J.: 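Shown below is the structure under consideration.
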Amino acid sequence: MLKALPARFLASPEPGGWRRRPRRGSLQPVSAVLMTNPAYFEVGRFLGGYGFMNITSYSSSQFGEPSNVAGIQDLGLGYSAEELERLRVQDIGEGEVTIRLYEGRVVQGPLRGTQAVFKVYPGARAGASEADLMALNELRTHAFLQSDASDICDNIQFLLGAFETATGEQWLAFRDDGRYSAADYAKITSERQLKEQSGDMPFWNPFNRAYKLELRRYFVLKLLNGAMSGLLHMHNHDRLHQSLGPSSVILNTVMEKEGPYLVPRLRDLAFSVDIGYSSVGAGALSDGLWRRASAAGASTPLEKRAFGIADDIYGAGLLVAYMAFIPFCEAGIMDGISLQRLLESTFRLDIYAAREYCLADDRLSEAVNFLDLGDGAGWELLQAMLNPDYRKRPIAEAVLNHRFITGAVLRDY
């Protein structure tokens, strides 16, 4: 069995993240100035749509502050119809906003030829005032995070521009850096494993299987590292994500052999929250967050700010759990909703008790082995990020520097 990835493949992690490998076809430098004239863009074919679910409570809220915050979910990619049906036991406000996606490109200006993806919100004239709030919040968040051209994060989706049509629709144009999400990758990978186990794919020897497993571990850890880098950048600039999940992380590739060139980016910032000290407690789209903060005993602006950051970390912890299990299990063995309930309801966030349960199921063995790397580094990190007490959760920088997220556990394997 392979003990480590080949030297030519393994990028030595540096403090705070992976060493960047040169990209094939490096992107040209970008400007932080947004294009607001629709004549600068050419719209192509329709790609699909988004819906969103506003999860307003969870039956296990006795823990204090489970994540389950309002967020956009790609209904075609993140959850199956069966999972959505199971979600209905929670109190869900199904939003009336349907967001359309189109491909396109920039046809004028210094970024001419840049491929784009348009995210279209219905306007207030269509009776979608909530959509206007979401579009405006997403636009303002990206504009703020991109206000300094020398401090633009590679791990956050890049906004090229925005404009409003005569019908009141809000069009946000993002650079097309990938259309697959982390949820897509997990689904593709688990379905491939199912085909391999069922004999629908050509036979491959155990040594090849071991090598592919190492590639998968590397890919997943680099994905999580990139997502946490984006989240750290947001927190350092007084912004919460508040809808972090596998569908809100886009990837430029889902090919595990292209792991060295993987660049994960956070998207879906419509529910982002400003946690600058003068803004804590305010915001039309963040009422639920501040109610949960008050219920958890956070009363002062400083405590509420700390709660908001910890709430994002909880969501990131669920993302770590999702990526640690779904890509390493056959399709149908585990899904995101079942995993979350297993951790929150069955084991009441006792992660080590959950490990003992998973250890007894051979179908979950690869996920357990993955989290066992580095003498249980993955379980250790999950227990910290999903701590029932928000005050005891690590900040994003501590998560990013944890030996599991840096990839150091691969070198010790």
Side-chain angles (χ1 to χ4, degrees), residues 16 52 54-58 60-72 91 93 129-130 132-148 151-153 155-156 227-245 248 266 268-319 344 349 384-402:
F52 80 95
N54 181 6
I55 304 178
T56 56
S57 71
Y58 183 73
S60 297
S61 57
Q62 60 195 356
F63 293 128
E65 58 293 336
S67 181
N68 297 304
V69 295
I72 297 177
D91 296 330
S129 57
E130 187 175 12
D132 267 359
L133 289 175
M134 293 164 59
L136 180 60
N137 192 48
E138 187 161 13
L139 171 61
R140 285 177 171 172
T141 302
H142 278 284
F144 174 77
L145 294 174
Q146 296 175 195
S147 58
D148 182 354
D151 188 31
I152 293 176
C153 180
N155 297 114
I156 297 177
M228 287 308 306
S229 294
L231 190 64
L232 173 60
H233 185 83
M234 292 188 69
H235 288 182
N236 284 345
H237 291 77
D238 293 332
R239 292 297 185 275
L240 302 179
H241 190 286
Q242 283 297 284
S243 56
L244 187 60
S248 59
L266 300 185
D268 296 338
L269 306 188
F271 291 95
S272 179
V273 177
D274 183 350
I275 52 169
Y277 291 107
S278 61
S279 302
V280 170
L285 295 172
S286 56
D287 288 346
L289 171 67
W290 304 129
R291 283 198 299 270
R292 293 200 312 278
S294 297
S299 56
T300 68
L302 188 62
E303 290 173 337
K304 289 182 177 180
R305 173 186 165 87
F307 177 88
I309 292 173
D311 197 58
D312 257 7
I313 295 298
Y314 189 96
L318 292 177
L319 174 63
E344 291 179 338
L349 299 179
M385 297 178 74
L386 300 180
N387 195 303
D389 185 349
Y390 81 89
R391 301 169 185 84
K392 296 180 180 179
R393 294 174 198 156
I395 61 175
E397 184 176 9
V399 174
L400 188 60
N401 287 319
H402 190 275

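The structure presented is a predicted model; accordingly, all values stated were derived computationally and were not measured. Along the sequence shown, the residues carry numbers beginning at 1.
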J.: Take Ile275 and Ile309 through the test side-chain contact (heavy atoms from CB on, under 4.5 Å) and record every step on the way to the result.
T.: CA-CA 9 Å; Ile275 52 169; Ile309 292 173; 3.7 Å; yes
J.: Show the nearest heavy-atom pair for residues Leu318 and Leu386, with the distance to one decimal.
T.: N-CD2, 3.9 Å
J.: For the residue pair Val399 and His402, establish whether any side-chain heavy-atom pair is separated by less than 4.5 Å.
T.: no
J.: Walk me through it: do Phe271 and Leu240 pass the test side-chain contact (heavy atoms from CB on, under 4.5 Å)?
T.: CA-CA 8 Å; Phe271 291 95; Leu240 302 179; over 6 Å; no
J.: Salt bridge between Arg305 and Asp238, side-chain N to carboxylate O under 4.0 Å?
T.: yes
J.: By side-chain hydrogen bond (donor to acceptor under 3.5 Å, both in side chains), which residues pair with Asn236, not counting sequence neighbours?
T.: none
J.: Dump the intermediate steps for side-chain hydrogen bond (donor to acceptor under 3.5 Å, both in side chains) on Asp312 and His235, then the final yes or no.
T.: CA-CA 9 Å; Asp312 257 7; His235 288 182; 2.9 Å; yes
J.: Say whether, by atom type as modelled, one donor and one acceptor occur between the side chain of Asn155 and the main chain of Ala227 under 3.5 angstrom.
T.: no
J.: side-chain contact (heavy atoms from CB on, under 4.5 Å), that's the test. Do His233 and Asp151 meet it? Break it down for me.
T.: CA-CA 9 Å; His233 185 83; Asp151 188 31; 3.6 Å; yes
J.: Look only at the side chain of Ser272 and the backbone of Arg239, and say whether a donor-acceptor pair between them is shorter than 3.5 Å.
T.: no
J.: How far apart are the C-alpha atoms of Leu269 and Met234, what are their side-chain angles, what is the distance that settles it, and do they pass the side-chain contact (heavy atoms from CB on, under 4.5 Å) test?
T.: CA-CA 10 Å; Leu269 306 188; Met234 292 188 69; 4.0 Å; yes
J.: When rounded to the nearest 0.5 angstrom, what is the spacing between CD1 in Ile313 and OH in Tyr390?
T.: 14.5 Å
J.: Is it true that, when you exclude Glu303 itself, more than 12 heavy atoms of the residues, nucleotides or ligands shown sit nearer than 6.0 Å to its CD?
T.: yes
